[in-house]
Amino acid sequence: MAALGGGAAWRGAWLPALRLARRSSKAVTRHWKAMHLQRHKLMALTEYLAPRPAVPERCLRPAAGPQEEENGYARLLRRQVEEVFRDSRMIVVCQYNSMPGDDMVLMRHYLRKHNIEVKFFLNEIVRPVLSQSRYKNLLPLFVGRNILLVSPETKAKEMLRVLKGVPQVNLLGACIDDTILSRQGVENFAKLPPLEASQGQTVGALALLPSQTCSLLQHGAAHLTALLDRHIRQLRDGAGEGATPAGPEPAQSPGAP
Amino acid sequence: MAGRINVVLRPVKSIVVRFCPFESNVESTRKFLECISRKKIQATNRNCEVTADVRHDGSEPLVDVMFADGDRLIMKGANLTTVEMLTALGSRCNTKELKAEQKSKKKNP
């Protein structure tokens, strides 16, 4: 910005990029002021050049970024899922197509009457829990929107009846008493008689054979006894006819002497 | 994305979605069933019956659409995406709607 006077070398030199340096404005302006050429050249020369690494970064393996902290809420939900799978005897997985809210409330009410709870879990929480537990075969079911019906009892018939009235919920599969069942399996399970009745039937069927064994074993001896009885009767009847004349003699002989 | 597609189900009589949930290729078919069962699409035709047939025989996922004029559309969802299935159904429904409108216009000019 100082006057271009100075050394004689500058006087009369014609600079290729003629930049008019108007000296009317002050040093510090509100607008961008054209730099003096010397300053401009100096700035260009002394511009910062970032050091380039010998091996470009894209050729190197990317460093593993900071691991995402486990969300406490996700941990809580995972713990809930584990509890549900541990404590309930019957777990039914159904597909959930959007339902009007009133129908949802009614369905929950009817299921609650049979002690069946309706649970919503996100797939991304359930999948890792299942893959590490022994329910690995239920993994393909957890795709899309699902609901879980869980219960400490196994009232499959009542549950099927409620679900029949709700067309938007489709039964996909179930895990009852650690046995994975398909939809057909659940329907067959619902048709089974209750446990006490089937236990009684089994006991009766098992007890039938031993009772028959007893009579079978005694059959031979009883038959022989009956035959001998009849034979004795026949002999007695035959002897009685022949002995009736001889009958009184033995009675008299002790009396005679 | 699949939630934005609106299908007019007026020319459709019934839709049967058959799949085996323990297979690994049923995701798009299940998503299709979800989208079809939404309130908006169901409201376009209250008489259309949407049935889900859940089996366990390793069969391929299948969507069977019966139209009111007797046509039948069978989509095998094993290698199709949800969007493709919805657009296919939507385009056919639209053409049938147009035909029906033209017919009704011809009848009542």
Side-chain angles (χ1 to χ4, degrees), chain A residues 91-105 107 120 122-124 126-127 130-131 134-149 156 159-160 162-176 179-190, chain B residues 1-7 9 12 14-64 77-83 85-86 89:
Chain A
I91 303 154
V92 181
V93 184
C94 305
Q95 171 157 345
Y96 174 69
N97 306 320
S98 56
M99 246 163 79
D102 302 340
D103 287 356
M104 187 66 186
V105 167
M107 184 186 88
F120 283 87
L122 290 175
N123 288 340
E124 61 211 17
V126 177
R127 287 190 135 242
L130 284 189
S131 56
R134 53 201 172 141
Y135 300 102
K136 288 195 191 64
N137 291 327
L138 284 176
L139 268 179
L141 291 180
F142 286 92
V143 163
R145 290 193 79 183
N146 303 306
I147 53 172
L148 284 179
L149 308 178
M159 186 200 63
L160 279 177
V162 172
L163 287 184
K164 218 182 278 188
V166 183
Q168 292 100 335
V169 171
N170 313 118
L171 204 157
L172 300 176
C175 179
I176 301 182
T179 318
I180 293 184
L181 298 169
S182 68
R183 190 202 170 92
Q184 194 59 46
V186 174
E187 286 168 7
N188 292 342
F189 179 80
Chain B
M1 177 65 211
R4 306 270 173 92
I5 302 179
N6 284 326
V7 178
L9 289 182
V12 175
S14 72
I15 304 181
V16 177
V17 183
R18 191 186 320 158
F19 60 92
C20 169
F22 289 93
E23 299 286 316
S24 48
N25 52 1
V26 294
E27 188 180 344
S28 54
T29 316
R30 278 180 66 177
K31 198 97 211 314
F32 175 82
L33 178 63
E34 271 181 45
C35 295
I36 283 285
S37 314
R38 278 185 298 138
K39 242 186 292 184
K40 236 181 175 176
I41 297 188
Q42 288 283 309
T44 56
N45 186 357
R46 295 270 170 208
N47 298 330
C48 175
E49 302 155 1
V50 177
T51 334
D53 189 4
V54 179
R55 303 210 178 158
H56 189 44
D57 48 6
S59 57
E60 285 184 2
L62 194 78
V63 176
D64 190 352
N79 294 320
L80 289 172
T81 63
T82 316
V83 174
M85 288 200 269
L86 282 170
L89 180 62

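Chain identifiers are assigned alphabetically (A, B, ...) following the order of the sequence lines, protein sequences preceding nucleic acid strands; residue numbering begins at 1 within each chain.
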Closest non-hydrogen atom pair, A:Leu181 against B:Phe22: O-CZ, 4.2 Å
Which portion of A:Leu139 sits near chain B, non-hydrogen atoms under 4.5 angstrom: neither
Where B:Phe19 and A:Leu172 come nearest, the two heavy atoms and their spacing: CE1-CD2, 3.7 Å
Proximity breakdown for B:Ile36 and chain A, heavy-atom pairs closer than 4.5 Å: neither
Pair listing, ring pair (Phe, Tyr, Trp, His ring centres under 6.0 Å) test, anchored in residues 24-51 of chain B, at least two apart: none
All donor-acceptor atom pairs under 3.5 Å, backbone and side chain, chain B-chain A:
{"unit_1": "B:Arg30", "atom_1": "O", "unit_2": "A:Gln95", "atom_2": "NE2", "d": "3.1"}
{"unit_1": "B:Arg30", "atom_1": "NE", "unit_2": "A:Gln95", "atom_2": "OE1", "d": "2.8"}
{"unit_1": "B:Arg30", "atom_1": "NH1", "unit_2": "A:Leu141", "atom_2": "O", "d": "2.8"}
{"unit_1": "B:Arg30", "atom_1": "NH1", "unit_2": "A:Val143", "atom_2": "O", "d": "3.3"}
{"unit_1": "B:Arg30", "atom_1": "NH2", "unit_2": "A:Val143", "atom_2": "O", "d": "2.9"}
{"unit_1": "B:Arg30", "atom_1": "NH2", "unit_2": "A:Asn146", "atom_2": "OD1", "d": "2.4"}
{"unit_1": "B:Glu34", "atom_1": "OE2", "unit_2": "A:Arg145", "atom_2": "N", "d": "3.1"}

